[in-house]
Each structure stands twice: as C-alpha cells, then as structure tokens.
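Okay, so here's the structure we're looking at.
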Amino acid sequence: MEGTNKNIISSFKVHEELNPDIWFIDNGSYKMIPEIRVSLLNIVDDYKNFVNVDMEIEDVTLTGSLSNFNWSRFSDVDLHIVMNFEDKEDSLLKKYLDSRRIIWNSLRDITVKDFEVEIYVQDAEEPHFASGVYSVMYDEWIVEPKQEEVILDSHKILSKSKQWMSIIDNIETMAETKEIDDSMNDIQRFKDKLKKYRGEGLKDKGEYSYENLAFKFLRRNGYLKKLNDIRNELIDKSLTVEEKVSHS
C-alpha cells in the first residue's frame, strides 16, 4: 500500500511540456495533433449515433490533466460535449443524455494513445473550473494552460485522502448491519459532500488544490470504485428475493 501511495502522489508532478502524444508546438503555442483531433470528433459522432437524438452541440472540449502540464499515466481523455440546456424539456434531454453517456462509456473500450476516453455532456452555463480547456471543434484554446512551478506537500495529500478513505471504510462496515435505504442515503450524502469539497478547491486554487488532489487520489487508488461497488451490492441486495426451502 505504501508503494502504491507513493506512485499515486508522484503522478501529480508537473511536466515541462504538454503530452507529446496529443500536442505539438506551432508558432510557439501548443496545438492538438490533427490525427488526434479527428479521432476525438469521430468519437463524439459515435456517441451522437448511439443516443439517436438531435444534439445541437455548441462545442467539444478537451479538459483535465491531458490539456495541462500535470498529465500522467492515470490521465484520461476528458471529452466534454457542450450544449445549451435552457428550458424544462432541455432538462429532460440532459438527463437522458447523461444516462446514455453512462451506458456508452460502459460499452465502449476506446483509448487514445493508451488513455481511456470519458465523455461528459456539459451545460454551457455550468461552472467549469479548469486552467486548461481546448476546443476540439474549433481547434483553439479556450483556456491555455501556463507552465508553473508547483510544490506539493505529499503528507498533506495523504492525510486529507485518508480522512475520506476512512469514511468509505466505515460506510462499508456499517452497510452490513444498517438498513439498505439508510446505507444508500449515507453513500449519496458522502458523494454530495465530496463533490462540494472538490468543487470548492477547484474554484479557490484550481487543479493543484489539495481538495482536488485528494479526490484524484481516491479515484486512482480505487476507493471511489469501492464506494460504487458497495452501492451496487446494496442495489442487488434490495432487489433479491430469498428462496424459501419447501418442507412439503
């Protein structure tokens, strides 16, 4: 475990260049490699065909660590489909697209230069705090990342992460004795709290905030998957009808 923790923390280091498999230098600025851009747009087309509804897409963006200097082997292709959801009908469409997105992500096993692809449908009005955002559709930076020196306290990252890990471990233990609905509520409250915690960190200090790094630590060490596994087991349990033994 200790070696795993060190590997994860070392993955947060800042590189001197953007990932060379995705970017090249053009007139002193980074541009997306054309073949990569075409592949990403083709992936979005596949998703559009999969959902089979009219999608008025405003933009397709790449965000996350692959559009910044903090990329690592844990990075994924964080591809956002930006749309404008204004009224009630659009809200229903957003929910439908989100549900289909989850299914699409589970059915597809797509990688770009060995990085897994994750699609997210983003409302154009939704706050999105990132220091690197590239428009794949228009082939230009929306927010161009800046190379900066970042000094991280590994003990602080680990300390904050362990606090959340302890809560997840406790949820798992308590799920064995608590009512299913109570445990499901515990999981949802935890997710809401963690999302708010990460969001406040991103808003205040960006990708290198300790709140965001703690979240990434939980994702990279499998604890977020563990929480989802607990939830899925509870759902299975709630839907299972125990077979009675006949004495006739």
Side-chain angles (χ1 to χ4, degrees), residues 11-12 14-85 90 93-147 198 202 206-207 212 215-216 219-220 224:
S11 72
F12 296 139
V14 180
H15 296 272
E16 295 183 356
E17 61 178 2
L18 297 187
N19 189 290
D21 288 330
I22 310 295
W23 309 95
F24 73 103
I25 297 289
D26 180 44
N27 293 324
S29 180
Y30 283 98
K31 294 281 287 186
M32 183 173 285
I33 295 172
E35 292 83 357
I36 299 295
R37 178 172 174 264
V38 170
S39 295
L40 297 184
L41 292 175
N42 286 340
I43 290 169
V44 172
D45 284 340
D46 179 76
Y47 172 75
K48 286 169 60 179
N49 292 332
F50 179 75
V51 299
N52 197 29
V53 295
D54 290 334
M55 296 177 63
E56 296 184 8
I57 299 175
E58 292 193 358
D59 204 349
V60 175
T61 63
L62 178 70
T63 185
S65 57
L66 276 182
S67 62
N68 215 320
F69 293 93
N70 60 333
W71 55 272
S72 74
R73 64 185 180 89
F74 293 102
S75 297
D76 56 27
V77 179
D78 194 357
L79 203 56
H80 286 214
I81 299 174
V82 182
M83 299 176 62
N84 199 337
F85 301 97
D90 285 336
L93 174 61
K94 175 71 161 64
K95 290 180 180 179
Y96 171 76
L97 292 175
D98 280 339
S99 66
R100 298 297 287 173
R101 172 188 64 84
I102 294 171
I103 297 172
W104 184 91
N105 281 330
S106 67
L107 292 175
R108 296 293 188 266
D109 185 18
I110 303 172
T111 60
V112 173
K113 297 296 183 179
D114 289 332
F115 296 108
E116 292 184 4
V117 175
E118 286 284 335
I119 275 184
Y120 176 75
V121 180
Q122 177 188 332
D123 189 340
E125 300 301 318
E126 176 183 335
H128 182 64
F129 305 103
S131 56
V133 182
Y134 192 84
S135 170
V136 183
M137 180 178 287
Y138 299 106
D139 199 19
E140 62 185 14
W141 287 103
I142 297 173
V143 181
E144 187 167 2
K146 296 179 180 178
Q147 232 290 334
R198 183 195 189 193
L202 286 169
E207 285 92 344
N212 184 49
F215 175 87
K216 286 179 175 290
R219 186 167 60 191
R220 294 176 183 183
L224 291 187

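Residues take their numbers from the sequence shown, with the count starting at 1. Source: prediction; values computed, not measured.
Here CG of Leu79 is found 13.5 Å from OH of Tyr120. Values are rounded to the nearest 0.5 Å. Rounding to the nearest 0.5 angstrom, the gap separating the OG1 atom in Thr61 from the CG atom in Asp78 is 8.0 Å. A distance of 12.5 Å separates CZ in Arg37 from CG in Leu62, rounded to the nearest 0.5 Å. For the atom pair His80 NE2 and Ile57 CD1, the distance stands at 13.5 Å (nearest 0.5 Å). To the nearest 0.5 Å, the span separating CD1 on Ile110 from CG on Leu40 amounts to 10.0 Å. Atom-to-atom distance recorded for Lys48:NZ and Ile119:CD1 is 11.0 Å, nearest 0.5 angstrom.
Residue Pro34 comes nearest to Phe24 through the heavy atom pair CD-CE2, 4.0 Å, listed as atom of the first residue, atom of the second, then distance. Closest of all the heavy-atom pairs between Asn68 and Pro145 is OD1-CB, 3.5 Å. The shortest non-hydrogen separation linking Tyr96 to Val51 is OH-O, 3.1 Å. Scanning all heavy atoms of the two residues, the minimum distance from Leu18 to Trp71 falls at C-NE1, 3.5 Å. For the pair Phe129 and Leu202, the tightest heavy-atom approach, listed with the atom from each and the gap, is CB-O, 3.9 Å. Pro20 and Ile33 get closest at one heavy-atom pair: O-CD1, 3.6 Å.
Screening residues 18-27 for side-chain hydrogen bond (donor to acceptor under 3.5 Å, both in side chains) gives no qualifying pairs among residues at least two apart or on separate chains. Among residue pairs with one or both ends in residues 101-117, those qualifying as side-chain hydrogen bond (donor to acceptor under 3.5 Å, both in side chains) are Asp46-Trp104, Asp46-Arg108, Asn105-Glu118; sequence neighbours excluded. Within the structure, the salt bridge (Lys or Arg N to Asp or Glu O under 4.0 Å) test picks out no pair touching residues 56-70 (sequence neighbours left out).
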Residue pair Leu107, Phe50: steps toward the side chain to side chain contact (heavy atoms under 4.5 Å, CB included) verdict = CA-CA 11 Å; Leu107 292 175; Phe50 179 75; 3.9 Å; yes

Checking Val117 against Tyr47 for the side chain to side chain contact (heavy atoms under 4.5 Å, CB included) test, could you report, in this order, the C-alpha distance in whole Å, the side-chain angles of both residues, the deciding distance, and whether it holds? CA-CA 12 Å; Val117 175; Tyr47 172 75; over 6 Å; no

Passes side chain to side chain contact (heavy atoms under 4.5 Å, CB included), Val77 versus Ile43? Steps please. CA-CA 11 Å; Val77 179; Ile43 290 169; over 6 Å; no

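Two residues are said to be in side-chain contact when any heavy atoms from C-beta on lie closer than 4.5 Å; Ser11 and Lys216 fail this criterion. With contacts defined as side-chain heavy-atom distances shorter than 4.5 Å, the pair Phe85/Val121 qualifies. With a 4.5 Å cut-off on side-chain heavy atoms, Met137 and Val44 do not count as touching. Considering only heavy atoms from C-beta on, Phe69 stays 4.5 Å or farther from Glu16 through its side chain.
The backbone N or O of Ser65 lies less than 3.5 Å from no partner atom in the side chain of Glu207, so there is not a single donor-acceptor pair. Checking side-chain atoms of Asp123 against main-chain N and O of Glu125 turns up a donor-acceptor pair under 3.5 Å. Distance alone, capped at 3.5 Å, places no donor-acceptor pair between the Tyr30 side chain and the Trp141 backbone. The backbone N or O of His15 lies less than 3.5 Å from a partner atom in the side chain of Gln147, making a donor-acceptor pair. Looking at Tyr134, its side chain never comes within 3.5 Å of a backbone N or O of Thr63 through a donor-acceptor pair. Here the side chain of Ser67 pairs a donor or acceptor atom with the backbone of Gly132 at under 3.5 angstrom.
Sparse packing is recorded around CG of Asp54, with 12 or fewer heavy atoms of other residues, nucleotides or ligands lying under 6.0 Å away.
Just one residue in the list Lys95, Arg100, Lys94 forms a salt bridge (Lys or Arg N to Asp or Glu O under 4.0 Å) with Asp98, and that residue is Lys94.
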